[in-house]
Amino acid sequence: MPKVPLFDANCCIGRSSRRPPWETTSVEELLREMDYCGIEWAMVHHVTAMEHHPNIGNLALMNEIAGQQRLVPCWVVLPGHTGEMPPSVPEWRYGAEVRHHRPVSWMLGRGIRAVRMCPKLHGYTLTPAVWGELFTELGHHRVPAFIDCDQLSWSELDTICSEFSRVPMVLSNTGYRISRDLYGVLKQHRNLFMEISRYEVHFGIDDICERFGARRLLFGTGYPKYAPGCAITMLACAQISAHDKELIASGNLRRLLEEAT
Amino acid sequence: MAIDTVSARQAVWEMQAPIDALQGVLVIDCHGHIGPHSRYYVPHDDVDNIVRAMDIVGVDKLCTDSLTALEGDYKIGNDMTAAAVAKHPERLIGRGCINPNYPDDMEAECQRCFEQLGMRVMKLHCTWHDKPVDDPAYRPAIEYAAARRIPILAHLRHEAQQSEAYAKLAQEFSDTAFILAHATEPKSLDTVVKHCASVENVYFDITGYPMCFRSMERLVGAVGGDRVLFGSDIAWLNLPYELGAVLFANISDEDREKILGLNMARLLGMQG
């Protein structure tokens, strides 16, 4: 049988100020690990954009992955009201068009088709008053928004999914203890998806596919914090159809990114 | 038969379970649980579906207990473990759970588990039972296991903080295997290795944290392949997920085979 292409929805590069050295990764190390584990493409964000500031980290990301066809950038974003995110930031950081008033279309023009949010790390809440403008634009362009499970409450997720139903919300780094909450919000919101790197639940993928359909799940590894072989083997062994495995392995993420226009 | 790691990984890349590549390779999962959990939902957590998961990936045997024995009334749980093993005696090996909060029961429950119910591994859960492993309340059970060379598997209250005490117990009872569960917890790994690497009857169970990047390679590099044991925490966790950490680890195939089953077979006195 042919190899099924894998598109990793959850990779991080960069040198962390806090992470131990074995979790630090350069583009070269990431590509080597992707080759070792048979991963075709990866969507990446930069650790500096998470643990420090998105403007510094996003720019580092673009510099470090420049010219790499297998790596897709994912920017970490902040609420727009403080003027910290492009296009309001100084021109020397991002080049021309710094006064553009539609940040999402500005990002799309630079090949950014997915964003990541870190409300707890970056000190804000996911209330509509804070996020309304950006979520409205994300929804207009159908740009998926990734968020780690420990960065928001289930009620915040429920509210955001309800009020901005055109935004594909992707829950990532979930852990295995969430199903009682997860099933409720998956049932309620068809715009909610989940990346599987830490959903290491016994027959968990099988159960979600049966209840909600395979289109809700995205393959991810959580590299470099987690070893990619774990999530790959979990998906390979799931008792679901070959078609569903292909959707999870790469089809669903490709579809979401293609729909972001 | 030697493990065919290349074929195992190729099967995974083709989105197939690596069962053909594991044919003839002894795989023993040293760490499983049966039944529901208080804090979260696990689908298909019954014993038949646990054996089904073992069949999918090619796990020969599973050392297991009932979660009820850890979270609930441990006597009821030990009965549930025994019933599960009786249903699949060729595949399951019972772990008898001892609860130090009921010291008056301890000797009788040890006798019941290991002399009547046929269990072969003793389980201590220092977190749920809220007692450090060197608490005197455990002493009668540890002495009972040591006298019969029953392997002890302990979930310490904190891997790093308690590993030194565990190593001292192992040194005191040097003919008994002391298995340290969740040994690859990344923040504890260096401390666990520091205290336990030189104690030859301490074994390292990778359950729960093999996914942490390079933890397998770090552990095997530090203690060698002879004392590392494969465990999955099924049905708490996903068996193929944990198996994938071993299949894709950058270690020798000789060590991989030992970790997957040969080491645990030796502890259980099985023919390899």
Side-chain angles (χ1 to χ4, degrees), chain A residues 1-6 19-25 33 36-40 175-183 196-208 210-211 221-242 244-246 248-249, chain B residues 5 8-19 32-34 37-46 49-50 52-53 55-59 184 186-187 189-190 208-218 232-250:
Chain A
M1 285 182 65
K3 197 170 144 181
V4 176
L6 291 163
R19 275 186 187 159
W22 56 87
E23 288 183 15
T24 298
T25 192
E33 191 67 21
Y36 180 78
C37 292
I39 296 170
E40 203 79 29
Y176 55 88
R177 303 183 176 202
I178 64 167
S179 300
R180 288 176 182 151
D181 283 313
L182 176 71
Y183 283 19
I196 65 168
S197 63
R198 289 305 317 281
Y199 194 70
E200 47 184 311
V201 175
H202 172 67
F203 288 124
I205 290 176
D206 318 55
D207 201 48
I208 287 186
E210 186 180 335
R211 291 170 187 253
T221 66
Y223 178 88
K225 197 165 185 182
Y226 303 110
C230 300
I232 301 170
T233 309
M234 176 170 68
L235 177 59
C237 296
Q239 300 297 288
I240 57 178
S241 71
D244 282 353
K245 287 182 183 177
E246 287 180 20
I248 298 168
Chain B
T5 303
R9 291 176 184 167
Q10 185 60 38
V12 167
W13 288 326
E14 292 170 5
M15 289 290 122
Q16 305 288 321
I19 185 164
H33 308 285
I34 297 164
H37 193 286
S38 62
R39 283 180 291 172
Y40 52 91
Y41 167 70
V42 175
H44 310 304
D45 56 14
D46 59 283
N49 274 300
I50 285 170
R52 178 163 73 96
D55 289 340
I56 289 167
V57 292
V59 170
T184 42
K187 290 178 182 166
L189 181 53
D190 290 340
Y209 295 98
M211 82 296 272
C212 295
F213 196 57
R214 303 290 185 224
S215 62
M216 287 290 301
E217 290 88 342
R218 288 169 60 208
S232 74
D233 240 344
I234 187 175
W236 202 333
L237 300 178
N238 184 285
L239 173 54
Y241 186 97
E242 308 268 316
L243 182 67
V246 183
L247 294 180
F248 280 86
N250 191 10

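Note that these values count all heavy atoms, side chains included, but never hydrogens, waters or copies made by symmetry. Below, read A as the first sequence line, B as the second, and so on, with proteins coming before strands; counting in each chain starts at 1. All figures in this text were calculated on a predicted structure; none of them were measured in a lab.
Checked by atom type and distance alone, the side chain of A:Asp206 pairs as donor or acceptor with a backbone atom of A:Gln239 at under 3.5 Å. Although no hydrogens or angles enter the test, the distance criterion places no donor-acceptor pair under 3.5 Å between the side chain of B:Asn49 and the main chain of B:His44.
Highest contact tally toward chain B, considering only A:Gly204, A:Ala238, A:Cys37, is held by A:Cys37 [criterion: heavy-atom pairs under 4.5 Å]. Note on B:Ala53, B:Pro18, B:Ala8: by heavy-atom pairs under 4.5 Å with chain A, the leading option is B:Ala53. The candidate with the highest count of non-hydrogen atom pairs below 4.5 Å against chain A, out of B:Pro186, B:Ser215, B:Ser232, B:Ser38, is B:Ser38. Taking A:Ala249, A:Pro224, A:Ser179 one by one and counting their heavy-atom pairs under 4.5 Å with chain B, the maximum is reached by A:Pro224. In terms of heavy-atom pairs under 4.5 Å with chain B, the best-connected choice from A:Asp181, A:Ile178, A:Ile205, A:Ile232 is A:Ile232. Listed options A:Arg180, A:Lys225, A:Lys245, A:Glu33 were ranked by heavy-atom pairs under 4.5 angstrom with chain B; first place goes to A:Arg180.
For chain A, the nearby part of B:Ala249 is the backbone; its heavy atoms alone come within less than 4.5 Å. For A:Glu246, no part sits under 4.5 Å from any heavy atom of chain B, backbone or side chain. Contact of B:Ile56 with chain A is made through the side chain alone, with heavy-atom distances under 4.5 Å. Only the side chain of B:Glu242 comes within contact range of chain A, with heavy atoms under 4.5 Å apart. For A:Pro228, the part lying near chain B is the side chain, with the backbone staying farther off; criterion is any non-hydrogen pair under 4.5 Å. A:Thr221 does not touch chain B: none of its heavy atoms, backbone or side chain, sits under 4.5 Å away. For A:Leu6, the part lying under 4.5 angstrom from a heavy atom of chain B is the side chain only.
Remark: A:Tyr36 engages no residue in a ring pair (Phe, Tyr, Trp, His ring centres under 6.0 Å) (not counting sequence neighbours).
For the pair B:Arg218 and B:Phe213, the cation-pi criterion (under 6.0 Å, within 45° of the ring axis) is not fulfilled. The side-chain tip of A:Arg198 points at the ring of A:Tyr226 from less than 6.0 angstrom away and within 45° of straight on. In this structure, B:Arg9 satisfies the cation-pi test against B:Phe248, with its NZ or CZ atom closer than 6.0 Å to the six-membered ring centre and inside 45 degrees of the ring normal.
In summary, the side chains of B:Asp45 and A:His202 do not present any donor paired with an acceptor at a separation below 3.5 Å, with no hydrogens or angles considered. In this structure, a donor-acceptor pair under 3.5 Å is present between the side chains of A:Tyr183 and A:Asp207.
Looking at B:Leu239 and B:Val59, their side chains come closer than 4.5 Å, going by heavy atoms from C-beta outward.
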